[in-house]
Amino acid sequence: PDDHISKLFRAANVREKQLLSLLLSGLSLNEITRLHTGSFDLEQNYLTIQGDSSRKVPLHPALKRLYIAHGHSLTDPAGENLNVTELQALLDCLQIDAGVSPINLAEKLRQTYILYLVRQGVRLSELESVMGYIPPAELSAYGAYAPMGEKQSLAAINLIYPIMEVTPPQYTL
């Protein structure tokens, strides 16, 4: 999946990079549609997620840089947040541009982030404080990917998914 993610980032524009970074931070498309300027705490480096699974999640450094440089880009020309259908369409276009097989990208990136946390040995019972609600059957299935031994608290693991930032080449005329 890392090669797949690298291809996506190489093909992505600013808007799509913000979307990928948010998905790799554990947000759902529904949660992304509710983000606003006040959701981003650049001083404390976290995002405030509103809704059924309200929580604070770490602000990924790549997302912070994109946000500082471009603001919240997941909006239409009138400044209204894109809806779930529009965000999904962005992901579909990105997969075409990156030349990768079409999949339910939002869900796959969410699962990738969960597995990243689980493989570090996080307690399954603590995943919801980062991811929001996870159905118990889905949560227990992730246990197959956990390392042997006693599990760790969220504070003991790295919550920031290692995104390979790719800067497009600069061309001069």
Side-chain angles (χ1 to χ4, degrees), residues 1-100 102-114 116-117 127-133 154 157-173:
D2 288 339
D3 182 50
H4 197 85
I5 292 170
S6 294
K7 283 182 182 179
L8 292 167
F9 269 94
R10 280 195 301 273
N13 61 26
V14 169
R15 177 185 281 176
E16 294 161 340
K17 285 179 183 176
Q18 283 189 3
L19 180 54
L20 290 171
S21 298
L22 288 164
L23 291 167
L24 286 169
S25 296
L27 280 70
S28 69
L29 290 178
N30 281 323
E31 291 170 332
I32 293 169
T33 66
R34 293 190 296 266
L35 292 177
H36 52 85
T37 303
S39 302
F40 295 81
D41 186 328
L42 302 178
E43 295 293 319
Q44 299 297 316
N45 293 313
Y46 66 80
L47 286 169
T48 301
I49 311 305
Q50 304 291 328
D52 295 336
S53 294
S54 295
R55 62 198 185 280
K56 291 183 179 181
V57 298
L59 180 61
H60 197 289
L63 179 58
K64 181 178 180 178
R65 285 189 289 279
L66 287 167
Y67 186 80
I68 289 170
H70 305 282
H72 183 51
S73 297
L74 299 173
T75 60
D76 65 17
E80 297 295 321
N81 282 4
L82 298 178
N83 63 39
V84 170
T85 303
E86 293 166 324
L87 293 175
Q88 186 58 58
L90 277 179
L91 293 172
D92 293 343
C93 291
L94 176 57
Q95 289 177 99
I96 293 166
D97 289 348
V100 299
I103 57 170
N104 181 347
L105 188 55
E107 186 58 28
K108 291 297 181 193
L109 291 174
R110 179 180 181 274
Q111 290 172 349
T112 297
Y113 182 64
I114 291 172
Y116 168 72
L117 299 176
L127 276 177
E128 286 189 4
S129 64
V130 174
M131 300 301 303
Y133 177 73
L154 283 172
I157 66 164
N158 183 1
L159 298 176
I160 304 296
Y161 187 86
I163 295 172
M164 295 286 289
E165 290 189 67
V166 179
T167 305
Q170 300 298 314
Y171 298 101
T172 55
L173 298 177

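Please read all numbers here as calculations on a predicted model, not as lab measurements.
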Student check: side-chain heavy atoms of Leu82 and Leu19 closer than 4.5 Å: no

Val84 side chain reached by Asn30 side chain, heavy atoms, under 4.5 Å: yes

Side-chain touch Asn81/Ile32, heavy atoms, less than 4.5 angstrom: no

NE2 on His60 to CG on Asn45, rounded to 0.5 Å: 11.5 Å

Shortest non-hydrogen contact from Ala12 toward Lys17: O-CE, 3.4 Å

Side chain proximity check, Leu91 to Leu23, heavy atoms < 4.5 angstrom: yes

Atom pair NE2 (His70) and CZ (Arg65), whose distance is rounded to the nearest 0.5 Å: 11.5 Å

Value rounded to 0.5 Å, distance of CD1 in Ile160 from OG in Ser25: 6.5 Å

Considering all heavy atoms, the nearest Leu90-Glu16 contact: O-OE2, 3.8 Å

Closest contact, heavy atoms only, Ser53 versus Gly132: CB-CA, 3.4 Å

Of all pairs that satisfy salt bridge (charged side-chain N to carboxylate O under 4.0 Å, His left out), the ones with a partner from residues 67-94, not counting sequence neighbours: none

Minimal non-hydrogen separation, Asn158 against Leu117, with atom names: O-CD2, 3.9 Å

Sequence-distant partners of Arg15, salt bridge (charged side-chain N to carboxylate O under 4.0 Å, His left out), two or more places apart: none

Heavy atoms of other groups near Lys108 NZ, more than 12 under 6.0 Å: no

Whether Tyr116 and Tyr161 hold their rings parallel, tilted or perpendicular, with breakpoints at 30° and 60°: perpendicular

Close side-chain approach of Tyr67 to Leu42, heavy-atom, < 4.5 Å: yes

side-chain contact (heavy atoms from CB on, under 4.5 Å) assessment of Leu159 paired with Val57: CA-CA 9 Å; Leu159 298 176; Val57 298; over 6 Å; no

Contact check, side chains of Phe40 and Leu47, non-hydrogen atoms, under 4.5 Å: yes

Gap separating the NZ atom of Lys64 from the OG atom of Ser21, nearest 0.5 angstrom: 14.0 Å

Euclidean distance, Leu109 CG relative to Leu105 CG, rounded to 0.5 Å: 4.0 Å

Smallest separation among heavy atoms of Glu31 and Gly26, with atom names: OE1-O, 4.0 Å

Selection residues 12-34 - residue pairs positive for ring pair (Phe, Tyr, Trp, His ring centres under 6.0 Å), sequence neighbours left out: none

Beyond-backbone contact of Asn83 with Leu29, side-chain heavy atoms, under 4.5 angstrom: no

Gln44 and Leu59: CA distance, side-chain angles, deciding distance, side-chain contact (heavy atoms from CB on, under 4.5 Å) verdict: CA-CA 9 Å; Gln44 299 297 316; Leu59 180 61; over 6 Å; no

Worked verdict on Asp52 versus Tyr133 for side-chain contact (heavy atoms from CB on, under 4.5 Å): CA-CA 8 Å; Asp52 295 336; Tyr133 177 73; over 6 Å; no

Leu35: which of Leu74, Ile49, Thr48 passes side-chain contact (heavy atoms from CB on, under 4.5 Å): Ile49

Interatomic spacing from NE2 in His4 to CD in Gln95 - rounded to 0.5 Å: 5.5 Å

Arg55 side chain near Glu128 side chain, heavy-atom distance below 4.5 Å: no

